[in-house]
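Shown next, in structure tokens, is the structure this report addresses.
We count residues from 1, following the sequence as given.
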Amino acid sequence: MTQCVLLNADYSFLNLVNWKRAVCLMTKGKVEVVKDSPRTIRSCSGVELKVPAVMRLIKLIRTIYRNRVTFTKRNVLIRDRFKCAYCGARREKLSIDHIIPKSRGGKMTFENCVAACKPCNLKKGGRTPNEAKMYLNARPYQPTISEFLRLKFENLGIHEVLQELTLF
């Protein structure tokens, strides 16, 4: 686990940070470790340090409330759990497929885009799924912020740690 969860002082989710950044924040005294991960690092002088899994800032940072998840390719892949929406295969290289093609007025939104493997995307081409006789395994949707964070944490493998702390 190379990512650490950074919580605000009121235990609300702020961000995921790299373990190196987490160690820097710990040494500067800006965070309090809530839960350690099983991973340890050792310096050249022989000092061992546990890498944190969940940290909480000591000072509260005011954040701007976001009411929706921004549309990016990465966020579509996270929402679809890195699976092709047509065949369900987990491939390394997935692309974004427009259900209603852009050439026919399809928009770049969560409701019109799904993750697709290259063979399925090429088979569908510039047609709708019904015209190509291909069917979606799941209906695309706009995820909420909390639902998206849960999917992201499951993908990183830290959802169980946060459930133990009753944060998610």
Are the side chains of [X] and [Y] in touch, meaning some heavy atoms are under 4.5 Å apart?
X: I99; Y: P140; answer: yes
X: P101; Y: R127; answer: no
X: L6; Y: L16; answer: no
X: E111; Y: Q142; answer: yes

Suppose we screen for side-chain contact (heavy atoms from CB on, under 4.5 Å). Which residues come up paired with [X], at least two apart in sequence or across chains?
X: L49; result: V23, M26, I41
X: K107; result: T109
X: P119; result: R91, C117
X: R42; result: E48

Side chain to side chain donor-acceptor pair (under 3.5 Å) partners of [X], counting only residues at least two apart:
X: E32; answer: R56
X: D80; answer: none
X: S45; answer: S43
X: T72; answer: N75

Sequence neighbours excluded, every pair satisfying ring pair (Phe, Tyr, Trp, His ring centres under 6.0 Å) that has a member inside [range]:
range: residues 88-122; answer: F71-F110
range: residues 115-145; answer: none
range: residues 39-64; answer: none

Q: Please assess I96 against V114 for the test side-chain contact (heavy atoms from CB on, under 4.5 Å), listing each intermediate value before the final yes or no.
A: CA-CA 6 Å; I96 299 298; V114 292; over 6 Å; no
Are [X] and [Y] connected, step by step, through hydrophobic side chains (Ile, Leu, Val, Met, Phe, Trp, Tyr) whose heavy atoms are closer than 4.5 Å?
X: V51; Y: V31; value: yes
X: M108; Y: V76; value: yes
X: I58; Y: V33; value: no
X: V5; Y: I78; value: yes
X: L151; Y: F13; value: yes

Above 12 or not: heavy atoms from other molecules or residues under 6.0 Å from [atom1] of [X]?
X: L77; atom1: CG; result: yes
X: R21; atom1: CZ; result: no
X: K83; atom1: NZ; result: no
X: R74; atom1: CZ; result: no

Q. Is the side chain of D97 donor-acceptor paired with the backbone N or O of A116 at a distance under 3.5 Å, no angle test?
A.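 No.
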Q) Going through the checks in order, is the side-chain contact (heavy atoms from CB on, under 4.5 Å) test met by M134 and C120? A) CA-CA 9 Å; M134 297 175 73; C120 289; 3.9 Å; yes
Q: Taking only Lys NZ, Arg NE, NH1 and NH2, and the carboxylate oxygens of Asp or Glu, determine whether E131 and R104 approach each other closer than 4.0 Å.
A: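 Yes, charged N to carboxylate O under 4.0 Å.
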**Q.** Test side-chain hydrogen bond (donor to acceptor under 3.5 Å, both in side chains) applied to N121 and Y86, step by step
**A.** CA-CA 9 Å; N121 205 348; Y86 298 107; over 6 Å; no
Q: Determine, stepwise, if the pair D10 / S12 fulfils side-chain hydrogen bond (donor to acceptor under 3.5 Å, both in side chains).
A: CA-CA 6 Å; D10 62 352; S12 62; 2.8 Å; yes
Q.
Could you work out, with ring pair (Phe, Tyr, Trp, His ring centres under 6.0 Å) as the rule, every residue matching F82, not counting sequence neighbours?
A.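 Per chain and number, F82 pairs via ring pair (Phe, Tyr, Trp, His ring centres under 6.0 Å) with no residue.
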**Q.** Atom pair SG (C4) and CG (N18), whose distance is rounded to the nearest 0.5 Å
**A.**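 It is 7.5 Å, given to the nearest 0.5 Å.
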Q. Looking at K93 and K118, what are the two nearest heavy atoms and their distance?
A.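 The answer is O-CG, 4.3 Å.
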Q) Applying the side-chain contact (heavy atoms from CB on, under 4.5 Å) test to P143, which of R150, R79, K152 qualifies? A)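 That would be R79; it is the only one of R150, R79, K152 passing the side-chain contact (heavy atoms from CB on, under 4.5 Å) with P143.
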Q: Tell me, with the steps shown, if L14 and L57 meet side-chain contact (heavy atoms from CB on, under 4.5 Å).
A: CA-CA 9 Å; L14 264 184; L57 286 174; 3.3 Å; yes
